[in-house]
Amino acid sequence: MSNGKRATETEKVSTWNREHLLSLESLTQGEILTILDTARRFREVSTRSVKKVPALRGRVVVNLFFETSTRTRSSFSLAAQRLSADILDITAEASSTTKGETLVDTAKTLEAMGVDIFIVRHKNSGAPQMLAEALDTCVVNAGDGTHEHPTQGLLDIYTLRERFGDLKGKRIALVGDIVHSRVARSNIWGLTKLGAKVAVIGPTTLVPSSLKALGVEVYHNLDEVIADFDVFNILRIQLERQGEPQFPSLREYALLYGINEERLARMRKDVVIMHPGPMNRGVEITPAVADGPHSVILEQVSNGLAVRMAVLFLLNNARLRRQREGGKSTRHKVPV
Ligand code: CP
C-alpha cells in the first residue's frame, strides 16, 4: 500500500475509469477487487446453455499476439465472443511486421478499421504500454516480456479467493524461474495488495535476493520451508528467456525444486497447487501432482474466461463513458 499500512480488503471501489490494463502494479486494491467482483458475476454466464450476453455487441476486439499462446489467446477470444464482440486474431507470422512494418503502424492500421480493444502479447516488456500511448483504443497486456501478465495474476487471485475468501495473511509460495516470470510479477503485485504473504523459492540464479524489494520473502531451499505455505504456485522454467543456462541440468532442477508426491506429502494437508501453464511435466511438477486432488490448474483456466470477460467489459464501459462525456482521449496519459 502506498502509505505503508497493511493491506486489508476494505477499499472496494464502485467505478472503473481505466481504458487500459497494463499491469497489476498500477492498480489499487479497490480496482483489483472491482475486476474480481465483476468476474464473479460473469462466471455465471458460462453455466448457461446459451453462453452469451450482449455487453460488447458491435465492438471489435483484436488479439495481437507476437508470442505463442494457448490459454490466453483462446480465453480472450472466447471472452470477447461471450460478450458478443467481433474478434480478429493476428499473429506475428501473419502480420506485416515480418515485412518491416513497425508494431505501432500495424496497430494504427487496424485501429483505422474501427478496433475498440487490442489484446497484446509481445516478447518486449513495455510493448503494450507503447501502444496504449500511441492509440486511441483500449489496450490489454496479455504478457509482455518479463514484465507482467496481469490477467494471469487476476485469474490466479480469483481462484484463491474462491477457495479462501479474504487472502489477508495467507502464505503463498511461487516456485521456480521467478526472475524471468511476468506471471510471478503480476501475482506478487496483486497478492501483496490484497494482504497475502508471498514468498519466492528457487535457485539463486532464478530467485535473486534483490526480489525482496518487491515485498516478498526469498528462499533457496524448498525442503526447509515446504510445510509453511497454504498455496504453491509452480512456475515453468523459461528456457526461451534465459541466455546462458541458469542451473546444471533440468534433472538437477527437478531433484531440488520439482513438486512431486513425496514433497506434496510434506506440505500442509489442505495445500493448494497451482500452475499457470504451459507445464513441463516431470520438470517443475509431476503428473501425479498436476492431476491430483490438490491441483486447481484447470479451475484457473476456467476462471480466466470470467476474469477476461470482466476486464473487456470494464475497459469498454470506461471508454464509452469518456466518449459520451466528450472527454479527451487517454492517449499519452497512460497511468503506470
Ligand atoms: N499462462 C499462459 O499465459 O499461457 P499461454 O502462454 O498458453 O497463453
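Keep in mind that what you see is a predicted model, and the values were worked out from it rather than measured. In listed order, ligands and their atoms are each counted from 1.
Applying the side-chain hydrogen bond (donor to acceptor under 3.5 Å, both in side chains) criterion to S95, with sequence neighbours excluded, gives T97. Residues passing the ring pair (Phe, Tyr, Trp, His ring centres under 6.0 Å) test with F65, sequence neighbours excluded: none.
When hydrophobic clusters are built by joining Ile, Leu, Val, Met, Phe, Trp and Tyr residues whose side-chain heavy atoms come closer than 4.5 Å, directly or via intermediates, L160 is not grouped with L298.
At a threshold of 4.0 Å, the pair D177-R236 does not count as salt-bridged, since none of the basic side-chain nitrogens sits closer than that to a carboxylate oxygen.
The aromatic rings of H122 and F66 sit tilted, their planes meeting at an angle between 30° and 60°.
Residue L305 belongs to a hydrophobic cluster whose other members are L78, with links defined by side-chain heavy atoms closer than 4.5 Å.
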Can you produce the list of protein nitrogen or oxygen atoms under 3.5 Å from a nitrogen or oxygen of ligand 1, alongside each distance?
| unit_1 | atom_1 | unit_2 | atom_2 | d |
| --- | --- | --- | --- | --- |
| ligand 1 | 1 (N) | Q152 | OE1 | 3.1 |
| ligand 1 | 1 (N) | P276 | O | 2.9 |
| ligand 1 | 1 (N) | G277 | O | 3.1 |
| ligand 1 | 3 (O) | T72 | OG1 | 3.0 |
| ligand 1 | 3 (O) | R121 | NH2 | 2.9 |
| ligand 1 | 3 (O) | H149 | NE2 | 2.9 |
| ligand 1 | 4 (O) | R71 | NE | 3.0 |
| ligand 1 | 6 (O) | R121 | NH1 | 2.9 |
| ligand 1 | 7 (O) | T70 | N | 2.8 |
| ligand 1 | 7 (O) | R71 | N | 2.9 |
| ligand 1 | 7 (O) | R71 | NE | 3.1 |
| ligand 1 | 7 (O) | R71 | NH2 | 3.1 |
| ligand 1 | 8 (O) | S69 | OG | 2.6 |
| ligand 1 | 8 (O) | T72 | N | 2.9 |
| ligand 1 | 8 (O) | T72 | OG1 | 2.6 |
| ligand 1 | 8 (O) | R121 | NH1 | 3.4 |
| ligand 1 | 8 (O) | R121 | NH2 | 3.3 |

